[in-house]
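Small disclaimer: the values here were computed from a predicted structure and weren't measured. The figures that follow rest on heavy atoms only: side chains count, while hydrogens, waters and symmetry mates do not.
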Amino acid sequence: VASFAAGWALLFLALQGPLHDLSDTYLFSAHMVQHLVLTLVVPPLLLAGTPAGLLRPVLRVRAVAAAARVATRPLVAFGLYNALFALWHVPTLYDLMMRNHDVHVVVHLLFLASATLLWWPVAGPLPELNRLSPGAAILYLFLAGIPMMALASLISLADEVLYPWYAAAPRLWGLSPLEDQRLGGLIMWVPGSLVLWAAITIVFFRWSAARENEERPARAPGVRHSAARR
C-alpha cells in the first residue's frame with residue numbers, strides 16, 4: 001500500500017507544481033529530474049504496490065494476454081524504452097515536444113508506459129509474464145543503465161546548447177543555458193545510475209535472503225540431531 005501510494009504521490013508531484021513549472025519554462029536540468037522520476041522511480045513503485053489479483057483478470061482477454069507476453073519480454077521492453085527515451089531527446093523532436101503541449105503529454109505517457117514495461121521483468125506482479133530470475137534481473141538492470149549513460153554523456157559533454165527552447169528561456173540561479181544543459185546531463189548520468197544500482201542492491205539482498213531461507217530447513221535437522229546426541 002505504501003509503495004502504491006508513494007508512486008502516485010510522486011507522479012502527481014512530478015507533473016504538477018514547482019517541478020513542472022521549472023521543467024516547462026526555465027530549466028533543462030529540472031526537466032531531466034522530472035523524466036527520471038517518471039521513468040525510474042514511479043513505475044517500480046506502482047508495480048511493487050499493485051496486487052496481482054487486480055491485473056490477472058485482464059489477461060483473460062486473449063489479445064491482451066498475447067500482447068502483454070510480447071511487450072514484457074526483456075529484450076522488447078529494454079529496446080522499446082531506450083529507443084523512445086533517446087528518440088525524444090533528439091534536439092528537433094525535443095523542441096517539438098516543448099512547443100506543443102499535446103505532444104508533450106503524449107511523450108510523458110510514452111515514457112511512463114515504456115518504463116513500466118522496462119521494469120516489469122524485475123518488479124512485475126504477475127510472474128507468468130516474463131519475470132526474470134534474480135541473477136538475470138541484476139544483469140538486466142546493469143545493462144539498462146548503459147544507453148542512458150551514453151545519452152547523458154553526449155548531452156553533458158556537448159560544447160553548444162542543443163535545445164533552443166532552453167537557450168531562449170528566462171535564466172534562474174545564474175545558470176547559463178550551457179551550464180544548465182550540462183547539469184541536466186549529469187543528473188541523468190549520476191542519479192539515474194544510482195537509482196538502478198539501488199534496485200540492483202535490493203534484488204541482490206532479497207535473493208540472498210531467499211537462498212538463506214531455503215538452506216535453513218536443510219541445516220536444521222542436522223543441528224537438532226547433533227544436539228540430541230550430546
For the [atom1] atom of [X] and the [atom2] atom of [Y], what is their distance to the nearest 0.5 Å?
X	Y	atom1	atom2	result
Phe142	Ser193	CZ	OG	10.0 Å
Met188	His35	CE	NE2	8.5 Å
His31	Thr25	NE2	OG1	10.5 Å

Using the ring-ring contact (aromatic ring centres under 6.0 Å, His included) criterion, which residues pair with Tyr140? Sequence neighbours excluded. none
Mind checking what makes ring-ring contact (aromatic ring centres under 6.0 Å, His included) contact with Tyr81, not counting sequence neighbours? Phe85
Donor-acceptor list for residues 108-127 side chains, cut-off 3.5 Å, not counting sequence neighbours:
| from | atom 1 | to | atom 2 | distance (Å) |
| --- | --- | --- | --- | --- |
| His108 | NE2 | His104 | NE2 | 3.3 |
| Ser114 | OG | Leu110 | O | 2.8 |
| Ser114 | OG | Phe111 | O | 3.3 |
| Thr116 | OG1 | Leu112 | O | 2.7 |
| Trp119 | NE1 | Thr39 | O | 3.0 |
| Trp120 | NE1 | Leu129 | O | 2.9 |

Tell me if a side-chain donor or acceptor on [X] pairs with a main-chain N or O of [Y] at a distance below 3.5 Å.
X	Y	result
Gln181	Leu162	yes
Asn130	Arg69	yes
Ser208	Phe204	no
Tyr163	Pro177	no

Name all residues meeting the side chain to side chain contact (heavy atoms under 4.5 Å, CB included) criterion together with Phe4; count only those two or more places apart in sequence or in a different chain, and write none if there are none. Trp8, Leu46, Thr50
Going by salt bridge (Lys or Arg N to Asp or Glu O under 4.0 Å), name the pairs with one or both residues in residues 168-179, residues two or more places apart or in two chains. Arg171-Asp180
Sequence neighbours left out, what passes salt bridge (Lys or Arg N to Asp or Glu O under 4.0 Å) with Asp102? Give chain and number order. none
